[in-house]
Amino acid sequence: MTLHEQIRENIKEAMKAGDKVRLEVMRGLVTAFTNELVATGHTPQDMLADDQAITVITRLAKQRKDSIEQFTKGGRMDLVEEETRQLNILAEYL
């Protein structure tokens, strides 16, 4: 099972568990995977190879880190907490 397929399965698990944060992150990952597929000339139904999926996840994790830095400077600790939870979920796949 590829990482892309595993994340699709994890969406179902997050829905059953009622884990809203994990579900949001997983759906965002699938959307990012689809965008990457289209950008590289594939169809949205294709699956990314694991190395391509890791690249996308790394990019999203970097975005979360940048957001955490900016929210910390702005004194928005509520948003820092939210982004940190999302980053921790992404880190599980890296």
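Numbering starts at 1 and runs along the sequence shown. Bear in mind that the values here come from a model prediction, so they are computed numbers and not experimental data.
The side chain to side chain contact (heavy atoms under 4.5 Å, CB included) check on Arg85 picks up Val21, Glu81, Glu82, with sequence neighbours excluded.
With Asp46 contributing its side chain and Thr43 its backbone, the two residues share a donor-acceptor pair below 3.5 Å.
To the nearest 0.5 angstrom, Glu9 atom CD is 12.5 Å from Met26 atom CE. Note that CG of Leu3 is 9.0 Å distant from CG of Leu48, once rounded to the nearest 0.5 Å. Atom CD1 in Ile57 sits 4.0 Å away from atom CD1 in Ile7 (nearest 0.5 Å). Once rounded to the nearest 0.5 Å, the distance linking OG1 of Thr84 with CD of Gln86 reads 9.5 Å. Here the OG1 atom belonging to Thr34 is positioned 9.0 Å from the CE atom belonging to Met47, to the nearest 0.5 angstrom. Remark: Asp19 CG to Ile89 CD1 distance equals 6.0 Å, nearest 0.5 Å.
Put simply, the side chain of Ile54 reaches to within 4.5 Å of the side chain of Leu94, judged on heavy atoms. Here the side chains of Tyr93 and Val25 are not in contact, with every heavy-atom distance at 4.5 Å or above. With contacts defined as side-chain heavy-atom distances shorter than 4.5 Å, the pair Arg22/Glu92 qualifies. Looking at Lys73 and Glu69, their side chains come closer than 4.5 Å, going by heavy atoms from C-beta outward. Here the side chains of Arg64 and Leu60 are in contact, with some heavy-atom distance below 4.5 Å. With a 4.5 Å cut-off on side-chain heavy atoms, Asp51 and Thr55 do not count as touching.
Side-chain contact check for His4 and Thr2: no donor-acceptor pair (N or O, by modelled atom type) lies under 3.5 Å.
Using a 4.5 Å cut-off between side-chain heavy atoms of Ile, Leu, Val, Met, Phe, Trp and Tyr, with links allowed through other members, Leu79 and Ile68 fall into the same hydrophobic cluster. Tracing side-chain contacts under 4.5 Å through hydrophobic residues (I, L, V, M, F, W, Y), one reaches Met77 starting from Leu87; they form part of the same cluster.
For Arg8 and Glu5, the salt-bridge test fails: no basic side-chain N is under 4.0 Å from an acidic carboxylate O. Using a 4.0 Å cut-off between charged nitrogen and carboxylate oxygen, Lys20 and Glu24 do not count as a salt-bridge pair.
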